[in-house]
> 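First the structure, which I've put down as structure tokens, then a few questions once you've had a look.
Reminder, nothing fancy here: chain letters follow the sequence lines and each chain counts from 1.
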Protein chains: 2
Amino acid sequence: MVMGVVVAADSHLGRAKNDTAITRPSLMKELAARRVRITTQRRLLVGIIQGSPRHLDAATLLELARKQDPGIDRATVYRTLALLKDRGLIDELDLMHIEGEKHFYEAKTNRDHCHMACFRCGAIVEYASSSFERLKKEMVKQSGFQIRVVRLEAGGFCQRCQKAS
Amino acid sequence: MVMGVVVAADSHLGRAKNDTAITRPSLMKELAARRVRITTQRRLLVGIIQGSPRHLDAATLLELARKQDPGIDRATVYRTLALLKDRGLIDELDLMHIEGEKHFYEAKTNRDHCHMACFRCGAIVEYASSSFERLKKEMVKQSGFQIRVVRLEAGGFCQRCQKAS
DNA sequence: ATATGTGCAAATCTTTTGCAAATTC
DNA sequence: GAATTTGCAAAAGATTTGCACATAT
């Protein structure tokens with residue numbers, strides 16, 4: 001058994017459950033620390049992102065936000081996402097374009113992790129390991145490139161779908 | 001020095017030059033092996049992709065193709081890219097959306113490699129190492145997920161741009 | 001008072017699709 | 001002649017933008 005591995009399969013677009021090694025620092029605190037103005041709508045959006053057990057796309061985030069503030073606009077959602085991404089507080093994922101070209105978002109975690117997307121059922125399996133951390137360090141060392149964001153995604157078939165065929 | 005490392009910085013959207021460990025099997029042969037009909041236009045498009053030293057996006061590919069066949073249509077380009085992707089002959093990259101939402105393509109190599117995109121100058125640094133191969137194996141082993149495609153991308157600043165600031 | 005955030009509607013950018021004509025087997 | 005590929009034009013989907021108004025410091 002490899003140390004530090006965090007794997008968890010979940011249903012459709014789910015997120016790791018037994019994920020004890022990964023923590024998600026408070027977005028609100030991070031925003032405050034960066035002296036970003038926290039408006040009512042931003043608080044709402046950030047709360048939804050932080051609390052969501054799933055990877056959200058902009059349309060879903062808007063929909064969820066509208067349940068609490070029907071007046072909130074799509075543009076505000078996109079502008080807030082851009083802000084959070086710019087400050088490095090959320091990660092933008094493509095999830096191998098398993099659902100078209102839209103992006104998915106998740107609060108930045110203390111530790112980078114990979115996403116594996118099942119082409120058949122859409123399940124997302126998350127995975128973190130020290131090997132990933134080592135690889136990143138190696139990349140930086142060997143290339144001299146200064147890494148700000150990393151994204152490791154894979155597409156294929158989850159365990160369940162492999163059996164089902 | 002780590003073994004098997006292939007690193008090369010290049011100018012804007014360039015590709016590794018001293019890339020001896022990485023080979024690109026002939027797309028034409030692969031197509032033939034899969035009994036895919038090879039039309040004039042497909043041959044043209046595939047030739048451009050295979051021969052290009054850069055990561056191409058659909059619009060650029062269309063533009064290059066039109067120099068030789070002005071009649072070729074955008075839809076054909078997209079349809080051919082979809083075909084090649086489906087057969088696993090090309091890889092689709094996002095390059096951290098450094099130039100908008102479009103995709104970039106490259107002929108599949110014998111060995112997976114990462115792409116690091118410079119947010120400042122747009123340079124693409126490619127990197128392959130045995131650590132990446134090990135990580136992939138570990139992911140499969142630990143998660144039971146069957147990987148068909150992997151993409152490891154990073155965004156940040158290349159060596160030159162770090163110095164320039 | 002000044003800077004910043006928001007809603008609205010329209011625009012933009014990339015990719016996909018329906019259908020008739022052309023091409024290939 | 002049947003099946004596949006292509007061009008054309010229009011549609012679709014996701015994201016961005018200009019501008020006037022509202023809100024916060």
> Mind checking if A:R79 touches a base, just sugar-phosphate, or nothing, with heavy atoms under 4.0 Å?
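Base contact.
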
> Rounded off to whole Å, could you give me the CG-to-P distance for the B:D73 and C:dT23 pair?
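That distance rounds to 15 Å.
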
> Does this structure show an ion pair linking B:D112 with B:R151, if we count only N-O contacts that are shorter than 4.0 Å?
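Salt bridge flag = no for B:R151 with B:D112.
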
> Tell me the interatomic distance from B:K85, atom NZ, to C:dT15, atom C1', rounded to whole angstroms.
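Taking NZ of B:K85 and C1' of C:dT15, I get 11 Å after rounding.
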
> Please compare B:R37 and A:A75 by the position of their nearest nucleotide in DNA chain C and report the one closer to 5'.
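The answer here is A:A75.
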
> Using whole Å, what does the distance between atom P of nucleotide D:dG13 and atom CG of A:L62 come to?
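So the CG-P distance, A:L62 to D:dG13, works out to 16 Å.
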
> Please determine if a side-chain N or O atom of B:Q41 lies less than 4.0 Å away from the OP1 or OP2 oxygen of C:dT23.
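For C:dT23, neither OP1 nor OP2 has a side-chain N or O of B:Q41 closer than 4.0 Å.
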
> Could you check whether B:K141 pairs with B:E138 (Lys NZ or Arg NE/NH1/NH2 to Asp/Glu carboxylate O, under 4.0 Å)?
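Result for this pair is no, no salt bridge flagged.
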
> Looking at C:dT16, I'd like to know if its phosphate oxygens (OP1 or OP2) sit under 4.0 Å from a side-chain N or O belonging to B:Y78.
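B:Y78 to C:dT16 OP1/OP2: no side-chain N or O under 4.0 Å.
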
> Need one value for B:R42: base, sugar-phosphate or nothing, where a base atom within 4.0 Å counts as base even if backbone is also close, heavy atoms only.
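Sugar-phosphate, no base atom in range.
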
> Mind calculating the distance between CG (A:L83) and C1' (D:dT16) to the nearest angstrom?
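Computing the A:L83:CG to D:dT16:C1' distance gives 16 Å.
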
> Given atom CG of B:D94 and atom C1' of C:dT14, what is their separation to the nearest angstrom?
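One finds 12 Å between C1' of C:dT14 and CG of B:D94, rounded.
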
> Has B:H103 got a side-chain N or O lying under 4.0 Å from the OP1 or OP2 atom of C:dT14?
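It does not, given that no N or O in the side chain of B:H103 lies less than 4.0 Å from OP1 or OP2 of C:dT14.
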
> Less than 4.0 angstrom from a charged side-chain N to a carboxylate O is my criterion; do A:R66 and A:E63 meet it?
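Looking at A:E63 together with A:R66, the answer is no, because their closest N to O distance does not fall below 4.0 Å.
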
> Could you give the angle between the helix axes at the two ends of the helix from C:dA1-D:dT25 to C:dC25-D:dG1, with five pairs per end, rounded to 10 degrees?
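Its terminal axes enclose an angle near 30°.
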
> In terms of relative ring orientation, are A:H97 and B:H103 parallel, tilted or perpendicular, with 30° and 60° separating the classes?
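Aromatic pair A:H97/B:H103 classed tilted.
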
> Check the side chains of B:H115 and B:E126 for a donor-acceptor pair under 3.5 angstrom, ignoring hydrogens and angles.
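Result is yes, a qualifying pair exists.
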
> To the nearest angstrom, how far is A:E99 atom CD from D:dT15 atom P?
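Rounding to the nearest Å, CD of A:E99 and P of D:dT15 are 12 Å apart.
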
> Relative to the 5' end of DNA chain D, which residue comes earlier, B:I72 or B:E101, by the nucleotide with the nearest heavy atom?
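Mapping each residue to its closest nucleotide by heavy atoms, the 5'-most match is B:I72.
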
> What is the nucleic acid contact for B:A58, judged by heavy atoms within less than 4.0 Å: base, sugar-phosphate only, or nothing?
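Since only primed, P, OP1 and OP2 atoms lie under 4.0 Å of B:A58, the category is sugar-phosphate.
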
> Taking for each residue the nucleotide of DNA chain D with the nearest heavy atom, is it A:G100 or A:T39 whose nucleotide lies nearer the 5' end?
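So the residue in question is A:G100.
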
> Output the rounded distance in Å from CG (A:L45) to C1' (C:dG5).
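Answer to the nearest Å: 12 Å.
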
> Between the side chains of A:D73 and A:T76, does any donor sit under 3.5 Å from an acceptor?
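Their side chains do not contain a donor-acceptor pair, so the 3.5 Å distance test is not met.
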
> A:L81 has an atom CG; how far is it from atom C1' of D:dT16, in whole Å?
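One finds 13 Å between C1' of D:dT16 and CG of A:L81, rounded.
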
> Out of curiosity, does B:M96 fall in the hydrophobic cluster containing A:Y78 (side-chain heavy atoms, cut-off under 4.5 Å, transitive links)?
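Looking at the clustering, B:M96 is in a separate group from A:Y78.
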
> Over all strands shown, is B:A59 touching base, sugar-phosphate only, or nothing at heavy-atom distances under 4.0 angstrom?
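B:A59: no heavy atom of the nucleic acid under 4.0 Å.
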
> Can you tell whether the side chains of A:E30 and A:R34 come within less than 4.0 Å, N to carboxylate O?
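Yes, A:E30 and A:R34 are salt-bridged.
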
